[in-house]
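First comes the structure, then the notes that go with it.
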Amino acid sequence: MSVISLLQECTVASLSKLYQKPFTSKDFQVNQTKPEFEGDYTVVLFSLVKSLKLSPDAIGQQLGAELLASYPGYFSAFNLIKGFLNITVKDDFWTGLLEKHYNDTGYGKRARNGRKVMVEYSSPNTNKPLHLGHLRNNFLGWSVAEILKANGYEVIKSCIVNDRGIHICKSMIAWQLFADGATPQSTGIKGDHFVGDYYVRFNDAYKQQVEVLVEGGMTKEEAEKEAPIMKATQQMLLDWEAGKPEVMELWKTMNGWVYAGFDVTYKRIGSDFDKTYYESDTYLLGKDIVQQGLDKKVFYQKEDGSIWIDLTADGLDEKIVQRKDGTSVYITQDIGLALQKYEQYGIDQSIYVIGNEQNYHMKVLQLICQKLGMPNAGNIFHLSYGMVELTTGKMKSREGTVVDADDLVEEMIATSRKHTEELGKVKDFTPDELTVLYETIGLGAMKFYLLRVDPKKTMVFNPEESIDFHGFTGPFIQYTHARIKSILRKMETEPSPTTERSAPEVSLFKAEKELLVILEQYPTVLEQSCQEHDPSVLANYIFGLAKQFNSFYSEHSVANAENPEKKILRTKLSQMTAHVLKSGMQLLGIGVPDRM
RNA sequence: GGUCCGGUAGCUCAGUUGGAUAGAGCAUCAGCCUUCUAAGCUGAGGGUCAUUGGUUCGAAUCCAAUCCGGAUCACCA
């Protein structure tokens with residue numbers, strides 16, 4: 001049990017005893033005490049004033065005294081300032097926590113709870129390489145999945161690849177027209193970039209053709225429809241749907257190039273999936289559901305044959321689920337896939353990591369699933385995240401203002417190499433060790449940068465300033481971990497009996513206790529970041545812990561502690577901090593080096 | 001126009017179901033390496049929490065209105 005719930009329970013009991021009536025933990029608030037005051041946690045008394053008809057001061061005095069009298073094992077002091085009852089938790093409690101967990105690498109994690117969750121994330125289009133926005137999605141999805149695991153869920157990471165449709169046909173047409181048989185192999189260009197280049201070529205050519213047609217007297221709208229390259233693309237889409245062999249052949253080949261490229265990127269950034277769906281397999285799903293929905297009268301048919309759902313009662317609009325020609329629309333296959341996920345895996349919850357531009361779409365999807373009476377439809381959760389924008393505005397692939405994922409990764413690794421070389425602390429590393437270190441630090445900086453922000457919020461990336469390695473960053477935390485490891489290496493070589501129990505009467509300095517107070521919160525933070533599907537909660541916490549450790553580090557020496565008890569205490573403190581830093585960073589997908 | 005999201009220091013961001021004098025990092029300035037890694041530590045300056053009103057012991061937080069920015073409302077995906 002966390003200190004905060006402990007204090008809540010003790011307060012409830014004390015209040016009931018003092019005033020002879022029932023209380024719950026909701027009758028008052030417990031906060032962490034502000035640093036400028038004496039104490040660890042604070043009971044806010046104002047909310048009790050009315051019902052007890054007593055002054056905050058009177059309640060505080062009585063409650064404080066009662067807490068100390070009834071729970072001498074937990075609380076050692078209290079003070080009362082303007083309606084805030086500040087409680088000091090006994091040093092024994094903190095050292096007891098340390099004894100219990102200093103060598104516990106699983107600290108904060110929970111046992112299996114028997115629940116199964118699917119996290120769908122990444123979901124790229126196969127016509128262009130990954131960019132910064134995809135990175136946010138990938139890091140978020142991966143981290144949320146790991147956080148769920150740490151909280152006892154069984155997790156299936158999934159990905160739906162948007163491998164068919166007009167977008168990939170654009171790249172295919174452009175390749176036919178302009179490539180002259182070139183391949184990634186013949187040009188030495190990574191497959192996803194190679195295909196992406198033809199997507200750009202398509203847009204250039206298209207734009208040019210539209211201009212010519214407009215000059216010839218067409219309206220822009222007409223020209224956009226009539227441009228030969230666009231017509232060819234639409235024909236190709238029809239040919240694809242008809243299964244025309246040479247189109248299928250080209251489609252497979254070009255997607256193959258893209259996948260080869262994606263594989264490299266995914267491997268490097270650490271994304272992995274238990275199940276990959278392909279839209280070419282799923283785009284026909286949901287058709288029979290439409291019929292069932294019609295029978296259940298959830299959907300209705302218009303005279304022209306198109307099928308709709310009326311969501312106006314739910315504050316939304318009417319939404320089409322099948323075209324008049326009988327073909328399905330985007331949402332139809334989503335319904336089908338949603339059902340398939342439940343049927344295949346028996347999941348309790350289905351999480352979709354998708355940008356907030358699709359909030360409406362996802363709302364519609366969930367609503368339809370619910371109205372169709374699909375199992376666990378209420379547990380569809382759209383983890384909606386904000387766009388990554390640049391200081392110059394939004395990223396637009398057509399205007400070439402996207403930050404490419406591979407480029408950014410390279411840049412981060414190069415920067416980490418530069419910093420590391422300048423500092424010159426790892427000159428004895430082998431080339432292989434150095435490669436690993438540079439990647440760990442560079443990727444760590446990038447991942448932390450994207451994960452430390454509340455997922456829901458739009459965030460701004462400034463490409464002019466590279467991502468920082470100081471302050472509230474991944475490398476700061478990695479560095480803190482490396483520092484601790486350095487201490488622990490030193491301790492190992494000494495005959496110091498670190499397994500011996502430290503004297504319980506050893507009193508704690510402020511910096512030592514502060515560290516324990518933060519360490520104690522880790523399980524709670526882990527749970528919170530899980531409930532809120534929010535890795536930034538964890539990231540902020542880890543930073544606070546690392547900061548506190550550095551503060552402690554500069555104030556107190558571990559190796560040259562005042563006495564053996566302190567030396568043991570601080571060694572354990574360092575050890576536990578290292579474990580929590582490592583565990584927390586691991587859940588963000590970031591490694592922590594032993595030296596850097 | 002309807003719906004939804006956002007607006008906190010020069011910049012990037014925290015700020016728990018309302019709680020003490022609104023916090024970090026970067027940037028700026030001033031200190032700290034003969035002592036466990038200075039990718040660090042300590043301190044200073046920097047705020048009309050978009051605006052106005054309301055709710056109450058108390059509001060960045062809740063409510064209403066207004067201003068600004070964004071997303072979305074396709075027989076596109």
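Chain A is the first sequence line, chain B the second, and so forth, proteins listed ahead of strands; every chain is numbered from 1.
Annotation: salt bridge (Lys or Arg N to Asp or Glu O under 4.0 Å) contacts involving residues 543-555 of chain A, sequence neighbours excluded, are absent.
For the P atom pair drawn from U61(B) and A50(B), the interatomic distance equals 8 Å after rounding to whole Å. As rounded to the nearest Å, G15(B) and G53(B) have P atoms that lie 28 Å from one another. Rounded to a whole angstrom, the distance from the P atom of A24(B) to that of G45(B) is 12 Å. Nucleotides C75(B) and A59(B), compared at atom C1', are 49 Å apart to the nearest Å. For the P atom pair drawn from A77(B) and U72(B), the interatomic distance equals 16 Å after rounding to whole Å. Remark: the separation of the P atoms in G6(B) and C41(B) is 33 Å, to the nearest Å.
Between E421(A) and R417(A) there is a salt bridge, with a side-chain nitrogen of the basic residue lying less than 4.0 Å from a carboxylate oxygen of the acidic one. Look at K456(A) and D454(A) and you find a salt bridge, because one of the NZ, NE, NH1 or NH2 atoms lies within 4.0 Å of a carboxylate O, short of that distance.
Within 4.0 Å of S551(A), counting heavy atoms only, lie sugar-phosphate atoms of the nucleic acid but no base atom. Note on Y330(A): a base of the nucleic acid sits closer than 4.0 angstrom, heavy atoms only. In this structure, K82(A) reaches the sugar-phosphate backbone alone: every heavy-atom distance under 4.0 Å involves primed, P, OP1 or OP2 atoms, never a base. Contact annotation for D594(A): base contact, defined as any heavy-atom pair under 4.0 Å involving a base atom. Contact annotation for H481(A): no contact, since no heavy-atom pair falls under 4.0 Å across all strands. Nucleic acid contact for I441(A): base, since at least one base atom lies under 4.0 Å from a heavy atom of the residue. Within 4.0 Å of E279(A), counting heavy atoms only, lie sugar-phosphate atoms of the nucleic acid but no base atom. Here T327(A) lies out of heavy-atom contact (under 4.0 Å) with every strand. Within the nucleic acid shown, D468(A) comes within 4.0 Å of sugar-phosphate atoms alone, with no base atom in reach, counting heavy atoms only.
Both cation-pi conditions hold for R452(A) and F472(A): the charged atom is under 6.0 angstrom from the six-membered ring centre and inside a 45 degree cone around its axis. For the pair R136(A) and Y385(A), the NZ or CZ position fails the cation-pi test of under 6.0 Å to the six-membered ring centre and within 45 degrees of the ring normal.
In this structure, F37(A) packs face-to-face on the six-membered ring of A20(B), meeting both the 5.5 Å centre cutoff and the 30° plane limit. Remark: ring of Y360(A) not stacked against base of A71(B); the cut-offs of centroid gap under 5.5 Å and plane tilt under 30° are not jointly satisfied. You can call F84(A) stacked on the base of A20(B); the centres are under 5.5 Å apart and the planes sit within 30°.
Rounded to an integer number of Å, the gap from R489(A) CZ to U37(B) C1' is 9 Å. For the pair M387(A) CE and C5(B) P, the interatomic distance rounds to 16 Å; values are reported in whole Å. The separation between F552(A) atom CZ and C36(B) atom C1' is 10 Å, rounded to whole Å. Whole-Å rounding puts the M596(A) CE to U37(B) P distance at 14 Å.
Ring orientation note: the planes of Y199(A) and F202(A) are close to parallel, at an angle under 30° on the 30°/60° scale.
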With the criterion being N/O to N/O and under 3.5 Å, what pairs connect the protein with nucleotides 6-17 of chain B, and how long is each?
from, atom 1, to, atom 2, distance (Å)
C13(B), OP1, V460(A), N, 2.4
A14(B), OP1, D454(A), N, 2.7
A14(B), OP2, K457(A), NZ, 3.2

Each nucleotide N or O in nucleotides 31-34 of chain B that has a protein N or O under 3.5 Å away: list the pair and distance.
none

Please write out each protein N/O paired with an N/O of nucleotides 43-46 of chain B under 3.5 Å, distance rounded to 0.1 Å.
none

*Could you write out RNA chain B as a dot-bracket string, with dots for unpaired bases, | for bases paired across to another strand, and Watson-Crick or G-U pairs counted at under 3.5 Å?*
(((((((..((((.....[...)))).(((((.......))))).....(((((..]....))))))))))))....
Return all side-chain donor-acceptor pairs below 3.5 angstrom for residues 229-237 of chain A, not counting sequence neighbours, or 'none' if the list is empty.
from, atom 1, to, atom 2, distance (Å)
K231(A), NZ, E226(A), OE1, 3.2
T233(A), OG1, I229(A), O, 2.7
Q235(A), NE2, D239(A), OD1, 2.9

